[in-house]
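These notes are about the structure you will find just below.
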Amino acid sequence: MSLRIYNTLTKGKEDFQPINPDHVTIYVCGPTVYNYAHVGNARPVVVFDLLVRLLRHDYKKVTYARNITDIDDKIIEAAQDSGEAISNITRKYADIYSADMAALNAGPPDLTPKATDYIDQMITMTAALIEKGHAYEQDGHVLFSVPSIENYGELSGRKQEDMIAGARVDVASYKKDAADFILWKPSTNDQPGWDSPWGRGRPGWHLECSCMIEDNFGKTIDIHGGGLDLIFPHHENEIAQSRCAHEGAPLANYWMHNGYLTVEGEKMSKSLGNFVTVHDLLEEFPGKGEDIRLCLLTAHYRQPVDFSRDGIHQATKQLNHWYRLTDGVDSEGVEIPESFLNALRNDLDTPKALSVLNVLAKKAEKDNTAKRQLKAAANFFGVLEQRGRFDLNIKTTTARLKLKAHKARVTTLGTVVEKDSVNPISYTKSYDSESVEKLIEERAEAKKNKDFKRADEIRSQLLENDIFLLDGADGTTKWEQR
RNA sequence: GGCGCGGUGGCGGAAUGGCUACGCAGCGGAUUGCAAAUCCGUCUAUACCGGUUCGAUUCCGGUCCGCGCCUCCA
């Protein structure tokens with residue numbers, strides 16, 4: 001079976017046919033680096049990481065690019081607020097981003113182009129668009145002229161009249177048409193800027209992706225991905241720019257968009273106080289990057305997914321089960337079962353793939369081949385990759401629950417009570433693997449002496465810190481994080 | 001106002017014109033110093049109203065509910 005992809009452009013599943021079967025190209029919109037990435041930002045990262053794993057399995061060569069937007073008004077604001085240099089901010093958060101995503105077993109892409117490295121290309125494309133009559137200069141701004149092209153709105157399925165009727169933002173004075181968007185804008189002296197034929201300024205947001213793709217891949221790539229919210233206007237505008245700059249050549253043949261993420265059933269937003277960053281989660285759930293990854297993959301990527309503390313616990317249980325089954329198993333060179341791969345080839349059907357993993361897990365109780373297949377397939381999925389889960393080093397950390405919602409819906413005897421606020425809970429994890437091992441030894445000694453009271457004390461003491469002891473048939477004791 | 005998505009068991013989450021995956025949780029039993037794991041058995045669902053059909057959860061129409069986007073946004 002070959003890969004099938006739901007294409008936002010055609011609103012249907014299509015057989016994937018790369019331009020060059022020996023070299024697949026994929027570009028995913030990356031972060032604007034001025035803050036910690038939240039779980040919602042992590043969803044496309046994990047989803048497309050999995051897609052790239054699949055592409056690498058099925059095709060000879062894959063080049064995966066994910067950009068970093070390091071020039072943007074939000075970054076400028078963050079710099080002004082904090083007094084820190086822009087370059088410090090962007091470097092810092094880009095580093096944190098790649099570290100946080102790596103903790104979710106989402107490795108770095110092949111290419112990580114930064115917007116500020118493409119200023120020349122952006123100026124060149126802007127000039128070309130002006131020359132071709134698709135852009136104009138007005139009050140120091142350069143704008144793309146949407147009425148200069150046909151089929152604008154192809155990707156998002158919008159008609160211009162509809163958009164104008166519902167526009168909730170005042171049309172800027174320098175726009176000839178309400179739908180026109182910025183290619184280049186002027187910078188004041190205290191704002192970062194680059195010299196251009198239109199004066200000192202900086203690029204508009206949409207331009208960088210078009211230029212990076214052109215520079216690294218050429219006119220057309222195979223797959224372009226990102227979150228649902230990027231369909232309009234970001235991707236629509238990328239398409240418009242690139243098509244006009246490239247004599248109508250499509251920017252990408254397949255457009256893939258992941259759905260939204262909610263937190264504890266509610267939309268994540270700063271005002272609700274349920275804005276949860278990957279960084280905080282990794283503090284609250286140390287060593288559980290895989291568990292978070294699994295949560296993000298339980299739902300199909302185009303469906304909404306709810307991220308909750310309970311969901312993490314379920315994922316942990318699932319993973320612990322698989323870890324136990326594959327403890328000490330070597331999956332080197334094992335073929336990944338086709339049923340698993342085929343699930344993924346069907347537009348990345350992760351729920352189906354997970355059910356295949358569970359079928360393998362069932363078999364693995366009695367079958368060593370299934371054990372190795374389970375490990376290989378799970379590794380492919382990006383889990384079960386942490387070396388020695390049983391030996392996890394739990395750092396001493398005090399983390400605050402960041403998921404506190406201002407309005408927590410609590411059901412009491414069928415009545416829905418709206419609580420105004422839930423107090424944050426703070427807690428401490430105060431065990432490292434060394435002290436755990438020591439306690440296990442002490443317990444083994446106690447068991448030998450039939451001092452079961454002390455043995456049970458140690459068990460419950462550790463359990464309070466989410467460490468669960470498993471006594472083996474051979475008298476050894478392993479532990480896992482709950 | 002325009003465009004779009006979704007409502008499946010206690011929870012997560014699939015699939016299908018006829019027997020409704022998979023996981024978690026629950027229950028009964030075997031096993032166990034305790035606990036877990038494992039094994040056997042077992043309970044629970046397709047928002048509502050019509051239509052098409054021998055038969056719909058699946059197709060069609062409507063209702064209700066929830067959600068998203070409409071130039072900040074993964």
Side-chain angles (χ1 to χ4, degrees), chain A residues 11 28-32 37-48 72-74 77 146 153 156-172 175 178-182 204-206 225-234 236-237 257-262 265-270 294-296 298-306 308 310-311 313-318 320-322 324-325 343 349-359 361-362 365-366 443 446-447 450-453 455-457 459-460 463 468-473 477-480 482:
Chain A
K11 294 186 168 52
V28 175
C29 289
T32 300
H38 56 69
V39 235
N41 295 309
R43 167 118 106 144
V45 173
V46 167
V47 163
F48 290 105
D72 181 275
D73 287 2
K74 281 173 300 200
E77 259 173 56
V146 169
S156 53
R158 286 160 208 265
K159 296 188 186 90
Q160 279 190 51
E161 312 85 73
D162 300 340
M163 289 186 280
I164 294 159
R168 62 185 176 192
V169 173
D170 290 336
V171 177
K175 288 190 181 183
D180 293 348
F181 58 90
I182 288 180
W205 171 43
H206 314 298
L228 199 66
D229 53 336
L230 292 181
I231 294 175
F232 188 87
H234 187 51
E236 200 71 77
N237 292 351
H257 295 95
N258 62 272
Y260 284 98
L261 178 138
T262 54
E266 287 189 89
K267 187 189 172 177
M268 183 162 46
S269 71
K270 283 178 179 164
L294 186 57
C295 284
L296 294 175
T298 49
H300 182 84
Y301 77 93
R302 283 188 280 114
Q303 293 297 120
V305 70
D306 186 52
S308 65
D310 188 52
H313 291 142
Q314 272 209 24
T316 301
K317 281 190 172 186
Q318 179 88 84
N320 281 160
H321 183 207
W322 295 342
R324 280 194 296 268
L325 283 168
D349 188 351
T350 51
K352 175 70 181 169
L354 284 168
S355 84
V356 173
L357 287 180
N358 279 309
V359 169
K362 191 78 180 167
E365 302 289 354
K366 290 168 186 162
R443 181 165 167 274
K447 277 170 69 179
K450 304 268 182 215
D451 182 2
F452 295 120
K453 187 167 169 258
D456 290 350
E457 248 173 43
R459 173 185 286 290
S460 49
L463 191 59
F468 187 83
L469 299 181
L470 301 103
D471 291 335
T477 298
K478 289 178 174 175
W479 58 280
E480 64 189 24
R482 280 290 154 99

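To find a chain, count down the sequence lines: A is the first, B the second, and so on, and within it residues start at 1.
- Comparing the C1' positions of B/C24 and B/A37 gives an interatomic distance of 16 Å, to the nearest angstrom.
- Distances shorter than 4.0 Å separate some side-chain N or O of A/Lys317 from OP1 or OP2 on B/A25.
- Per the geometry, CD1 belonging to A/Ile231 stands 11 Å off P belonging to B/C70, to the nearest Å.
- As rounded to the nearest Å, B/G50 and B/G10 have P atoms that lie 24 Å from one another.
- For the C1' atom pair drawn from B/U16 and B/A21, the interatomic distance equals 11 Å after rounding to whole Å.
- Base pairing of B/U52: no nucleotide in any strand meets the Watson-Crick or G-U wobble criterion (both distances under 3.5 Å).
- Between the NE2 atom of A/His38 and the P atom of B/C73 there is a distance of 11 Å, given to the nearest Å.
- As judged by a 4.0 angstrom heavy-atom cut-off over every strand, A/His321 is placed among residues touching the sugar-phosphate backbone only.
- At the heavy-atom level, A/Lys447 lies under 4.0 Å from base atoms of the strands shown.
- Of the listed nucleotides (B/A36, B/A74, B/G13), B/G13 has the atom at the smallest distance from the side chain of A/Ala299.
- A/Tyr260 does not carry A/Arg43 over the face of its six-membered ring by the limits of under 6.0 Å from the centre and within 45° of the normal.
- Within the nucleic acid shown, A/Leu228 has no heavy atom closer than 4.0 Å to any nucleic acid atom.
- Distance OG1/A/Thr316 to NE2/A/His321: 14.5 Å, rounded to 0.5 Å.
- Nearest to the side chain of A/Ser355, among B/C34, B/C22, B/A37, sits B/C22.
- The side chain of A/Arg443 lies closest to B/G33 when the candidates are B/C24, B/U71, B/G33.
- The C1' atoms of B/G18 and B/C22 are separated by 22 Å, rounded to the nearest whole Å.
- Counting only heavy atoms from C-beta on, A/Glu365 has its side chain closest to B/U38 among B/C72, B/U38, B/A36.
- For the P atom pair drawn from B/G4 and B/G61, the interatomic distance equals 14 Å after rounding to whole Å.
- A/Gly311 comes within contact range of no nucleotide atom at all, as no heavy-atom separation falls under 4.0 Å.
- Between A/Leu469 and A/Arg443 the shortest side-chain heavy-atom distance falls below 4.5 Å.
- With rounding to whole Å, A/Leu230 atom CG is found 8 Å from B/C73 atom C1'.
- Separating the NE2 atom in A/His257 from the CD1 atom in A/Ile231 is a distance of 4.5 Å, to the nearest 0.5 Å.
- Both A/Asp180 and A/Gly227 sit near RNA chain B, but only A/Asp180 has its closest nucleotide nearer the 5' end.
- For A/Asn358, no side-chain nitrogen or oxygen approaches OP1 or OP2 of B/C22 to under 4.0 Å.
- Here the P atom of nucleotide B/G6 and the NE2 atom of A/His300 are 11 Å apart, to the nearest Å.
- Base pairing analysis places B/G41 opposite B/C27; the two distances defining the Watson-Crick or G-U wobble pair are each below 3.5 Å.
- Contact annotation: A/His206 does not reach the phosphate of B/U71 (side-chain N/O to OP1 or OP2, under 4.0 Å).
- Classified by interplanar angle (parallel below 30°, tilted 30° to 60°, perpendicular above 60°), the ring pair A/His206/A/Phe181 is perpendicular.
- With A/Ser308 contributing its side chain and A/Gly311 its backbone, the two residues share a donor-acceptor pair below 3.5 Å.
- Rounded to a whole angstrom, the distance from the C1' atom of B/G41 to that of B/C54 is 36 Å.
- Minimum atom distance to the side chain of A/Lys362 is reached by B/C40, of the listed B/A36, B/C40, B/G13.
- Relative to the side chain of A/Pro44, the nucleotides B/A74, B/C73, B/A35 differ in distance, and B/A74 lies closest.
- Look at A/Arg302 and A/Asp349 and you find no salt bridge, because none of the NZ, NE, NH1 or NH2 atoms lies under 4.0 Å from a carboxylate O.
- Separating the CZ atom of A/Phe181 from the P atom of B/C72 is a distance of 13 Å, rounded to the nearest angstrom.
- Atom CG of A/Asp72 is separated from atom P of B/U71 by 17 Å (rounded to the nearest Å).
- Distance noted for atom P between B/U32 and B/A14: 41 Å (whole Å).
- Nucleic acid contact class of A/Asn237 (heavy atoms, under 4.0 Å, all strands): none.
- Pairing for B/G68 is with B/C3, a Watson-Crick or G-U wobble pair whose two hydrogen-bonding atom distances lie under 3.5 Å.
- Within the 3.5 Å criterion, the main-chain N or O of A/Gln303 finds no donor-acceptor partner in the side chain of A/His300.
- Between A/Arg324 and A/Trp322 there is no side-chain heavy-atom pair separated by less than 4.5 Å.
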Protein proximity profile, nucleotides 7-12 of chain B - base contact B, sugar-phosphate-only contact S, no contact -, cut-off 4.0 Å on heavy atoms: ----B-
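- Ion pairing between A/Asp456 and A/Lys447 fails under the 4.0 Å rule for side-chain N and carboxylate O.
- Relative to the side chain of A/Lys175, the nucleotides B/U71, B/A74, B/C40 differ in distance, and B/U71 lies closest.
- Atom CG in A/Leu354 sits about 11 Å away from atom P in B/G23, given to the nearest Å.
- When distances are taken from the side chain of A/Arg459 to each of B/A35, B/U71, B/A74, the shortest belongs to B/A35.
- Distance A/His234 NE2 to B/C69 P: 17 Å, rounded to the nearest Å.
- Candidate nucleotides B/A35, B/A37, B/U71 were compared by shortest atom distance to the side chain of A/Phe232, and B/U71 ranks first.
- Remark: B/C34 base-pairs with no nucleotide in the shown strands. Criterion, Watson-Crick or G-U wobble with two distances under 3.5 Å.
- Counted by atom type alone, A/Asp72 and A/Thr32 present zero donor-acceptor pairs between their side chains at under 3.5 Å.
- Distance check on atom P: B/C60 versus B/C5 gives 12 Å, rounded to whole Å.
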